[in-house]
Amino acid sequence: MCATCGCGKVDEPGGTRITAPDDGAQRHEHDHEHGHRHGHSHDHEHGHVHEHGHTHDHAPVATETVTLEQKILDKNDRLAAENRAWLTARGIRSFNLMSSPGSGKTTLLERTVRDLQASSPVSVIEGDQETLLDADRIRSTGCAVVQVNTGSGCHLDAEMMRGALDALSPVNDSLMFVENVGNLVCPALFDLGEQGKVVLISVTEGDDKPLKYPHIFAVADLVIVNKTDLLPYVDFDTEVCERNARSVNPGVRVINLSATSGEGLEEWYRWVAEGSGG
């Protein structure tokens with residue numbers, strides 16, 4: 001179990017599965033400059049088992065948990081830096097979309113891919129605990145897509161991103177979007193090596209979300225308020241939401257849009273074209 005957030009280990013049954021664009025029949029291996037260490041490292045700070053079968057812990061559990069969490073995040077940050085260097089060297093602009101389930105990430109991605117792929121190659125990494133449903137929706141646009149199923153895991157991490165890049169092989173000078181697992185907590189902790197972090201909130205969720213989940217809004221380069229076509233029917237104040245977002249992240253850009261009606265999409269596309277919003 002992950003000491004950082006409590007999600008399942010990727011080497012347990014039902015753990016991470018990466019499904020390539022040809023439904024898993026082919027895996028692409030290419031020239032990443034960073035090493036691909038596929039083995040599992042084992043931390044032994046948790047005590048050891050003697051021959052008589054008793055486990056002896058030699059440090060407080062809280063101390064061990066914090067130490068392991070630091071090791072997990074340090075390793076993730078190193079791998080994320082390698083991913084970022086690999087993407088940057090190839091001119092691939094990558095954006096990590098994070099939100100709670102049902103905010104409209106997949107709908108926004110579908111429309112974004114259809115609108116932008118005529119001017120730039122686009123690829124997508126889909127993160128979900130199970131199923132290929134979102135990947136199938138994105139694939140219907142003609143876009144290259146890889147599905148990462150995390151099993152009991154509640155977020156993508158840099159190692160999953162690295163494996164997905166192997167399978168996806170995005171072309172140089174292209175756009176790449178990552179749809180993270182629906183969750184407003186754990187994805188904030190794990191850098192993937194992306195160029196920009198985007199947090200979506202829909203008007204059906206409540207304008208107090210930035211105050212309830214400050215960490216993910218604090219790391220965001222852009223906050224998107226989606227489903228604005230529903231504003232006449234819900235109790236949501238876009239100005240209050242923007243004020244709340246800036247209370248935890250003063251410089252964050254906020255865009256109000258509707259992936260369904262198309263309102264506000266041009267501003268989103270300009271932000272993507274700028275790289276990470278400047």
Side-chain angles (χ1 to χ4, degrees), residues 93-127 134 137-138 140-143 145 174-184 187-188 194-214 216-278:
R93 291 171 290 148
S94 55
F95 303 94
N96 178 11
L97 275 61
M98 303 174 286
S99 77
S100 58
S103 67
K105 292 194 302 299
T106 309
T107 299
L108 177 62
L109 273 178
E110 280 184 291
R111 183 137 189 182
T112 298
V113 171
R114 293 185 192 278
D115 288 348
L116 297 186
Q117 63 184 350
S119 57
S120 175
V122 183
S123 58
V124 172
I125 296 172
E126 279 288 343
D134 288 348
R137 287 175 60 182
I138 298 300
S140 70
T141 68
C143 171
V145 60
S174 64
L175 287 172
M176 188 182 76
F177 296 96
V178 180
E179 181 174 356
N180 217 313
V181 179
N183 182 357
L184 282 176
E194 72 276 56
Q195 185 174 4
K197 292 179 171 63
V198 181
V199 175
L200 272 76
I201 177 176
S202 70
V203 302
T204 59
E205 296 177 65
D207 49 33
D208 58 353
K209 278 293 187 292
L211 303 180
K212 291 184 174 182
Y213 302 93
I216 199 163
F217 285 89
V219 301
D221 298 297
L222 174 70
V223 172
I224 290 178
V225 178
N226 190 24
K227 303 186 182 182
T228 54
D229 54 303
L230 298 180
L231 279 172
Y233 312 105
V234 296
D235 182 15
F236 187 99
D237 190 319
T238 56
E239 292 183 0
V240 169
C241 182
E242 183 169 340
R243 186 164 61 247
N244 288 339
R246 293 210 169 104
S247 72
V248 298
N249 188 345
V252 73
R253 179 91 167 266
V254 179
I255 296 176
N256 300 321
L257 61 78
S258 169
T260 300
S261 72
E263 176 190 8
L265 285 178
E266 288 304 318
E267 188 177 359
W268 157 238
Y269 297 158
R270 282 195 298 271
W271 187 89
V272 170
E274 291 166 5
S276 60

Worksheet item: Side chains of Ile216 and Met98: closer than 4.5 Å at any heavy-atom pair?
Response: yes

Fill in: Test: Arg253 and Glu267 ion pair at under 4.0 Å
yes

Item to complete: Return the minimal non-hydrogen interatomic distance between Val252 and Ala220, and the atom names on each side.
Response: CG2-O, 3.6 Å

Worksheet item: Could you go step by step and tell me if Phe95 and Met176 meet the side-chain contact (heavy atoms from CB on, under 4.5 Å) rule?
Response: CA-CA 6 Å; Phe95 303 94; Met176 188 182 76; over 6 Å; no

Practice prompt. Give a yes or no on whether the backbone of Asp207 and the side-chain of Asn244 come within a donor-acceptor separation of less than 3.5 Å.
Written response: yes

Item to complete: Step by step, work out the side-chain contact (heavy atoms from CB on, under 4.5 Å) result for Leu265 and Arg111.
Response: CA-CA 9 Å; Leu265 285 178; Arg111 183 137 189 182; 3.3 Å; yes

Worksheet item: Would you say the side-chain atoms of Asp237 pair up with the backbone N or O of Val240, donor to acceptor, closer than 3.5 Å?
Response: yes

Worksheet, complete the sentence: Taking every heavy atom of Ser174 against every heavy atom of Ser120, the minimum-distance pair comes out as CA-OG, 4.0 Å

Practice prompt. Tell me, with the steps shown, if Glu126 and Leu109 meet side-chain contact (heavy atoms from CB on, under 4.5 Å).
Written response: CA-CA 10 Å; Glu126 279 288 343; Leu109 273 178; 3.9 Å; yes

Worksheet item: Atom CG of Asn96 and atom NZ of Lys197: how far apart are they, to the nearest 0.5 Å?
Response: 6.5 Å

Worksheet item: Is a side-chain donor-acceptor pair under 3.5 Å present for Ser100 with Glu205?
Response: yes

Item to complete: Going by the side chain to side chain contact (heavy atoms under 4.5 Å, CB included) test, name the single residue among Leu257, Leu97, Val254, Ile201 that passes it with Ile224.
Response: Leu257

Practice prompt. Over all heavy atoms of both residues, which pair between Lys227 and Ser103 is shortest? Give the atoms and the distance, please.
Written response: CE-O, 3.6 Å

Discussion item. I'd like to know if the side chain of Thr260 pairs up with that of Ser258 as donor and acceptor (distance under 3.5 Å, no hydrogens or angles considered).
Written reply: no

Worksheet item: Would you say the side-chain atoms of Glu110 and Thr141 include a donor-acceptor pair closer than 3.5 Å?
Response: no

Worksheet item: Roughly how far, to the nearest 0.5 Å, is OH of Tyr269 from CG of Leu175?
Response: 11.5 Å

Item to complete: Can you measure from CG (Asn226) to CG (Asn256) and round to the nearest 0.5 angstrom?
Response: 10.0 Å

Worksheet entry | Atom of Val124, atom of Cys143 and distance for their closest heavy-atom approach | CG2-SG, 3.8 Å

Item to complete: Find out whether Leu200 and Leu108 are in side-chain contact, i.e. whether some heavy atom of one side chain is under 4.5 Å from a heavy atom of the other.
Response: yes

Worksheet entry | Heavy-atom check, side chain of Cys241 versus side chain of Val225, under 4.5 Å | yes

Fill in: Distance, nearest 0.5 Å, that separates CD1 of Ile125 from CZ of Phe177
12.0 Å

Worksheet entry | Residue pair Asn249 / Phe217: nearest heavy atoms and the distance that separates them | ND2-O, 3.0 Å

Practice prompt. Begin with the C-alpha distance, continue with both residues' side-chain angles, and end with the deciding distance and a verdict on side-chain contact (heavy atoms from CB on, under 4.5 Å) for Ser140 and Arg114.
Written response: CA-CA 10 Å; Ser140 70; Arg114 293 185 192 278; 3.5 Å; yes

Worksheet item: Taking Arg93 for the side chain and Val272 for the main chain, is one N or O donor matched with an acceptor at less than 3.5 Å?
Response: yes

Worksheet, complete the sentence: Distance col, row Trp271:CH2 vs Glu266:CD, nearest 0.5 angstrom, shows 16.0 Å

Discussion item. Run the side chain to side chain donor-acceptor pair (under 3.5 Å) test on Ser94 and Gln195 for me, step by step, so that the C-alpha distance in whole Å, both residues' side-chain angles and the decisive distance to 0.1 Å come before the verdict.
Written reply: CA-CA 5 Å; Ser94 55; Gln195 185 174 4; 5.4 Å; no

Worksheet item: Does Glu242 reach the side chain of Val223, with side-chain heavy atoms less than 4.5 Å apart?
Response: no

Worksheet item: Would a 4.5 Å heavy-atom cut-off, applied to side chains only, mark Asp115 and Trp268 as touching?
Response: no

